[in-house]
Amino acid sequence: MTPLAQIPAWQALQAQCEALGASSLRELMRADPMRFEHFSAQFDGADAHILLDYSKQRVDERTMTLLDELMQARALRPAVSSLFGGAPLNTTEGRAVMHMALRGEAEDLYQADGTPVMPDVLQVRERMLAFADRVRAGQWTGATGASITDVVNIGIGGSDLGPQMMVQALEPYCSGPRVHFVSNVDGAHLKGVLKQLDPARTLFVIASKTFTTQETMANARSARQWLIGHLGETATRQHFVAVSTNGREVASFGIDPANMFGFWDWVGGRYSVWSSIGLPVALALGSAHFRALLAGARAMDLHFRDAPFKHNLPVLMAAIGLWNINFLGLDALAIAPYAQNLSRFAAHLQQLDMESNGKRVQIDGQTVSYATGPLVFGEPGTNAQHAYFQWLHQGPKVVPVDFILAAHTESGLEDQHRLLAANCFAQSEALLRGKTAEEVRTDLIGGGMAPSEAERLTPHRSFPGNRPSSTLLVRRLDPATLGALLALYEHKVFVQGLVWGINSFDQWGVELGKQLATPIAAGLQPGAAPGLHDSSTLGLMQHWQRLREQ
Ligand code: F6P
């Protein structure tokens, strides 16, 4: 693999960074009154519309051309063909990466490692959706014959974040049973959910690709005990279903294989919400909306596969990210959806991006000499404005922001929605413009403040500005749009991982802590020897034990 630093486009981008460094966003805006038209792109598909405005990013035409050249030098086009062709791109696990097939149709003819996958995908999808609709219609009943009013999804990571985010995002479209999510091994999570529920009307979905994840299995066992305590041993059959790739473990847990919905090892956990891991979403929304969600994502897949790079939203967003991270040195990304229903969107993107591209070793085993995936965080606006935005506006570090906003609201509160939009636009404008010392002085003195006091306050009340952001503007936050939006970020992550030469589809970094937890858990049993640990870990374990004895 050619080292990135030796690629001419990479070198030219470094020079471009110095050349452009002096010009601010204010100047770039002044220099080109059509900057919005020149630095925005649109996606339309499956009734979803997404506008990407990246004119508030610190780029010019030459930057975008060089980023395009960089991606061509990294063979993006052939790599996209390999991805869609089902090549084993997850090289450390020898697996294809085929989540696009989960939202595919029969005509898509997707394969994984040479085997057609659509027949199986469609068959499991239909079974899963039929089951969801049966539960919703009250045709699937609990052990006492009562219909299901509450579903508890027990899973973690990709088996929790995606479905949870979607159920919340599409709340106005939910019409089925209430869906709850339990992920944390902290018993408070399960306890807090169970105390709201009637066991006779509760269905548990145990969601785990491996069906061995410690947290999920611990919660699943406790949930089963709770259910059996209320309804007896035989009740599990009607109150527990599983979503997994591991039929053997599902059976040994005691869930009837007839009540298991499978998926495949070519689906990464953080890309699995489109598979039967989406069962809680289908239970909440019904099959028609779930299909719309898939259709939106599929439309984005086709856009990513076919659209020229200049108009290709995932490629543009990846390019902007590479520019910010590797050339401007801005290695974090704030996600600010101006949509309360997207309150788990940043959490989901955090796993998607950071578990995928939080890597320091290239596919060929060499250590990278450049930054890779960003630190991703976020909360919805306007709440975020009263929390971390101070840091974004005046902190010494610059963090690019992705703003997300819908034109329509389902709330019916149109004036509030206008206020929400106004705040979203105002924040990106403020980050761009900032407020100079001169502007602050003029304001303060114009407002009657004594010049000496104005002088004292000016440094505190000025804003550096020149802080980049992108805005994703959608028509409405409906199932198809959400599908397209999430697929957009998935493909962005793929493109960036390709340029960095890393494997975006494994996650070995989460293993060590998992391994160490097992002997530590044994050492925390009453009377057990703590085992060999460093002094800090040992000290903490012993102090914890002492506190429990008090
Ligand atoms: O965080 C590590 C991880 O393997 C994720 O990739 C995955 O989504 C999560 O654990 C849960 O795994 P499983 O679905 O196998 O329980």
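Counting convention: from 1, in listed order, for ligands and their atoms alike.
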query: Charged N to carboxylate O below 4.0 Å: is that the case for Glu171 and Arg178?
result: no
task: Please state whether the rings of Phe131 and Phe261 are parallel, tilted or perpendicular, taking 30° and 60° as the class boundaries.
output: tilted
query: Taking side chain as C-beta onward, heavy atoms only, is Trp264 less than 4.5 Å from Leu102?
result: yes
message: With the threshold set at under 4.0 angstrom, would you say Glu215 reaches ligand 1 through any of its heavy atoms?
response: no
message: Check for me whether the distance between the ring centres of Tyr489 and Phe345 falls short of 6.0 Å.
response: yes
message: Looking only at side-chain N and O atoms, does Asp364 offer a donor or acceptor that is under 3.5 Å from a partner on Gln366?
response: no
Polar atom proximity, Lys209 to ligand 1 (N or O, under 3.5 Å): yes
- prompt: Which protein non-hydrogen atom lies closest to atom 10 (O) of ligand 1, naming both residue and atom, and how far is it?
  reply: Lys514 NZ, 4.6 Å
field: Ring geometry between Phe204 and Trp226 (parallel below 30°, tilted from 30 to 60°, perpendicular above 60°)
entry: perpendicular
task: Pick one of side chain, backbone, both or neither for how Val510 approaches ligand 1, counting any non-hydrogen atom pair under 4.0 Å.
output: side chain
field: Note, Leu342 side chain near Leu482 side chain (heavy atom, < 4.5 Å)
entry: yes
- prompt: Can you find a protein heavy atom under 4.0 Å from atom 1 (O) of ligand 1?
  reply: yes
query: Of the protein's non-hydrogen atoms, which lies at the shortest distance from atom 12 (O) of ligand 1, and what is that distance?
result: Thr213 OG1, 3.5 Å
- request: Measure the distance from atom 15 (O) of ligand 1 to every protein heavy atom, then report the residue, atom name and distance (to 0.1 Å) of the closest one.
  value: Thr210 OG1, 2.7 Å
task: Cation-pi check, Arg224 to Phe253: give yes when NZ or CZ is under 6.0 Å from the six-membered ring centre and within 45° of the ring axis, no otherwise.
output: yes
message: Tell me the protein heavy atom at minimum distance from atom 8 (O) of ligand 1, and give that distance in Å.
response: Gly158 N, 2.7 Å
Contact atoms of ligand 1, heavy-atom distance to Gln351 under 4.0 Å: 5 (C), 6 (O), 8 (O)
message: To check your reading of the model: name the closest protein heavy atom to atom 6 (O) of ligand 1, its residue, and the distance in Å.
response: Glu355 OE1, 2.6 Å
Contact atoms of ligand 1, heavy-atom distance to Ile156 under 4.0 Å: 9 (C), 11 (C)
